Amino acid sequence: MSTDDKNRAVAAAILPLVGGAGNITSVAHCMTRLRLGLRDRSLVRDEELKALPAVMGVVEDDTYQIVLGPGTVARVTPEFEALVAEAPAAPAATPSADDLAAQGAAIRAARKARNQTPFKLFLRRIANVFVPLIPALIGCGIIAGLNGLLINLGWLPAVTPALAAIASGFMALIAVFVGFNTAKEFGGTPILGGAVAAIVVFPGVAKVDAFGQTLSSGQGGVLGALGAAVLAVYVEKWCRRWVPESLDVLVTPTLTVLVSGLVTIFGLMFVAGEVSNAIGEFADWLLVHAGAGAGFVLGGLFLPLVMLGLHQALIPIHTTLIEQQGHTVLLPILAMAGAGQVGAAMAVYLRLPRNGSIRRTIKSALPAGFLGVGEPLIYGVSLPLGRPFVTACVGGAFGGGFVGLFSMLGTKVGSTAIGPSGWALFPLLDGDKGLGRTIAVYAGGLLTGYLAGFVATYFWGFGARLLEEFDVDTDTGPETVVAASAGTTPPPGPAPEPGPEPKPAKL
């Protein structure tokens with residue numbers, strides 16, 4: 001058998017085990033793996049596939065990856081693509097939720113490929129520093145809100161000091177955790193990153209003068225801790241390269257902490273403090289003087305920012321505002337993007353009365369959407385349809401404008417933590433005019449976002465061609481729950497209840 005025949009035989013053996021040509025949405029390869037996009041993951045026969053002599057293993061990520069080894073994969077992939085192309089075309093089918101899920105998965109994969117730029121990869125690394133802190137931020141934020149409610153009501157006065165200590169302890173030392181995670185993310189020793197970042201919150205820095213001022217504990221906050229830990233990583237790596245191995249255990253940690261610590265005290269704390277103050281002042285100025293317009297723009301653009309991966313740049317800003325002011329005033333505005341998405345989905349539901357498959361998908365995904373989990377609706381409904389994604393952004397813009405308008409009128413709405421949105425953000429709300437008014441403004445923003453997203457999508461989200469293509473009867477059998485965050489659809493079977501909610505989008 002020739003080499004070409006052997007490679008074609010390998011491709012021919014793999015194809016039926018991954019569900020046949022009709023189950024393939026994309027074909028690509030890297031150095032060692034054949035990467036396949038699949039319509040229905042359940043059609044793959046894993047054990048038979050792994051038993052093939054040419055297959056070294058399988059890996060599941062955004063695509064289904066078959067490990068063939070270097071050299072082999074580059075020769076098998078063209079043969080596999082040819083077999084897929086030669087397969088008879090399937091009969092034209094009515095567009096269904098399965099089709100939208102496959103389109104959403106393809107869009108998501110293409111977006112991920114476009115996001116692999118140095119700048120976006122750097123933003124992702126910064127996000128990786130802060131995302132692990134979100135559970136503590138949420139827990140402490142809810143406790144802080146509960147404590148504030150008890151104080152306002154005058155209940156349990158003996159307990160509120162303890163609750164205040166529990167809620168504030170993490171925030172008092174958040175710089176240390178940021179330093180630890182930063183060193184870990186950038187390839188240094190985590191404890192050295194935490195040790196250098198601890199300088200930022202050490203009370204003794206108040207005895208140090210830098211740039212003509214006396215430093216204060218916490219000056220520079222999380223930004224200072226981030227910069228200090230990154231510097232510590234580079235100092236440590238330099239030491240590992242030049243310090244003799246016999247002295248490494250003594251010299252490297254000492255020089256790392258000493259050099260990066262001195263630069264932190266006599267440089268980074270001052271600079272980061274100025275930047276942190278500027279962020280807080282600009283956020284306040286923006287919402288006081290241009291709140292409605294700023295809210296409109298931020299609420300409308302947040303979903304595209306998420307698609308581009310640029311929303312990760314906002315995470316340090318949110319954290320800085322929470323550290324400075326006790327809450328971030330940006331998150332409630334950005335959360336309106338999810339409200340627009342929910343309103344748009346409800347309009348799609350009504351505009352496609354005969355497409356039972358898509359309607360069932362929307363019914364399954366709406367509860368998660370109300371709680372701020374938007375991926376099923378984005379990747380399973382609005383984005384593949386096109387126009388409804390744009391009109392969902394319009395809904396987010398009006399919701400953000402509503403919240404921003406009340407900021408101009410003197411009622412600021414903030415969140416004591418990042419991560420949740422939608423209805424899940426209610427326990428974390430904080431403001432300067434009392435909890436009742438804060439909740440009312442945020443609820444009004446959600447209702448505005450729902451309504452604007454619904455109206456925009458119902459009247460302008462569908463052209464005649466889109467309605468002709470999708471507003472038709474479907475015969476997809478059982479209910480389909482789109483797990484868009486995983487890029488898959490469930491196998492046929494009895495109508496399931498909505499599955500576990502996907503993780504929220506990182507703000």
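The first residue of the sequence shown is numbered 1, and numbering continues consecutively from there. Note that the coordinates shown come from a computational prediction; the quantities given were computed from them, not determined experimentally. Quick note: numbers below take in every heavy atom, side chains included, and nothing from hydrogens, waters or symmetry partners.
- Gln325 has its side chain out of reach of Asp430: every pair of non-hydrogen atoms, C-beta onward, lies at least 4.5 Å apart.
- A donor-acceptor contact closer than 3.5 angstrom is absent between the side chains of Ser276 and Gln324.
- One finds the CD1 atom of Ile418 at 6.0 Å from the CG atom of Leu137 (value rounded to the nearest 0.5 Å).
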* To do: Might you work through the side-chain contact (heavy atoms from CB on, under 4.5 Å) test for His318 and Leu334, ending with a clear yes or no?
  => CA-CA 11 Å; His318 288 311; Leu334 299 176; 3.8 Å; yes
* Start with the C-alpha gap between Val129 and Val178, add the side-chain angles, then the distance that decides, and say whether side-chain contact (heavy atoms from CB on, under 4.5 Å) holds. => CA-CA 6 Å; Val129 171; Val178 169; 4.1 Å; yes
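- Under the 4.5 Å side-chain criterion, counting only non-hydrogen atoms from C-beta, Ile142 is in contact with Leu428.
- The CD atom of Gln312 sits 11.0 Å away from the CG atom of Leu305 when rounded to the nearest 0.5 Å.
- Scanning both residues, Pro384 and Ile378, for their nearest heavy atoms gives CD-O, 3.4 Å.
- Of all heavy-atom pairs between Glu185 and Arg125, the closest is O-NH2, 2.7 Å.
- To the nearest 0.5 Å, the span separating CD on Glu236 from CZ on Arg240 amounts to 4.5 Å.
- Counting only heavy atoms from C-beta outward, the side chains of Met408 and Leu287 never approach each other to under 4.5 Å.
- Between Val235 and Leu258 there is no side-chain heavy-atom pair separated by less than 4.5 Å.
- The main-chain N or O of Leu231 is never found under 3.5 Å from a side-chain atom of Ser260 such that the two would form a donor-acceptor pair.
- Closest of all the heavy-atom pairs between Gly300 and Pro304 is O-CD, 3.7 Å.
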* **Residue pair Ile362, Val381: steps toward the side-chain contact (heavy atoms from CB on, under 4.5 Å) verdict** => CA-CA 8 Å; Ile362 293 172; Val381 180; 3.9 Å; yes
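- Classification of the Tyr442-Phe426 ring pair by plane angle, with boundaries at 30° and 60°, yields perpendicular.
- Of all heavy-atom pairs between Ala283 and Leu321, the closest is CB-CD2, 4.2 Å.
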* Begin with the C-alpha distance, continue with both residues' side-chain angles, and end with the deciding distance and a verdict on side-chain contact (heavy atoms from CB on, under 4.5 Å) for Asn152 and Leu435. => CA-CA 10 Å; Asn152 290 336; Leu435 186 59; 5.6 Å; no
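- Figure legend: Arg41 and Tyr64 shown without cation-pi pairing, the cationic atom not lying both under 6.0 angstrom from the six-membered ring centre and within 45 degrees of its axis.
- Taking 4.5 Å as the limit, some side-chain heavy atom of Ile174 sits within range of a side-chain heavy atom of Met171.
- Heavy-atom contacts from other residues, nucleotides or ligands closer than 6.0 Å to CZ of Phe170 number more than 12.
- Contact of the Val58 side chain with the Val67 side chain is not registered, since no non-hydrogen atoms from C-beta on lie closer than 4.5 Å.
- Across all their heavy atoms, Pro316 and Phe130 have their closest contact at CG-CE1, 3.8 Å.
- The structure places CG of Leu366 at 10.5 Å from OG1 of Thr361, a figure rounded to the nearest 0.5 Å.
- Under the 4.5 Å side-chain criterion, counting only non-hydrogen atoms from C-beta, Leu385 is in contact with Val348.
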Scan the side chains in residues 389-397 for donor-acceptor partners under 3.5 Å anywhere in the protein, sequence neighbours excluded, and list what turns up.
{"from": "Thr391", "atom 1": "OG1", "to": "Arg387", "atom 2": "O", "distance (Å)": "3.3"}
{"from": "Thr391", "atom 1": "OG1", "to": "Pro388", "atom 2": "O", "distance (Å)": "3.0"}
{"from": "Thr391", "atom 1": "OG1", "to": "Thr457", "atom 2": "OG1", "distance (Å)": "2.7"}

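- Centroid-to-centroid, the aromatic rings of Phe398 and Phe402 stay 6.0 Å apart or farther.
- Distance check, rounded to the nearest 0.5 Å: CG of Leu36 to OG1 of Thr25 gives 8.5 Å.
- With rounding to the nearest 0.5 angstrom, the OG1 atom of Thr328 is 9.0 Å from the CD1 atom of Ile317.
- Between Phe302 and Ile333, every side-chain heavy-atom pair lies at or beyond the 4.5 Å cut-off.
- The main-chain N or O of Gly273 is found under 3.5 Å from a side-chain atom of Asn277 such that the two form a donor-acceptor pair.
- Within the structure, the side chain to side chain donor-acceptor pair (under 3.5 Å) test picks out the following pairs touching residues 394-416 (sequence neighbours left out): Asp284-Lys412.
- Summarising the geometry of Leu215 relative to Val205, their closest heavy-atom pair is CB-O, 3.5 Å, with the distance given to 0.1 Å.
- Between Trp285 and Phe282, the angle of the ring planes stays under 30°, which puts this pair in the parallel group of the 30/60° scheme.
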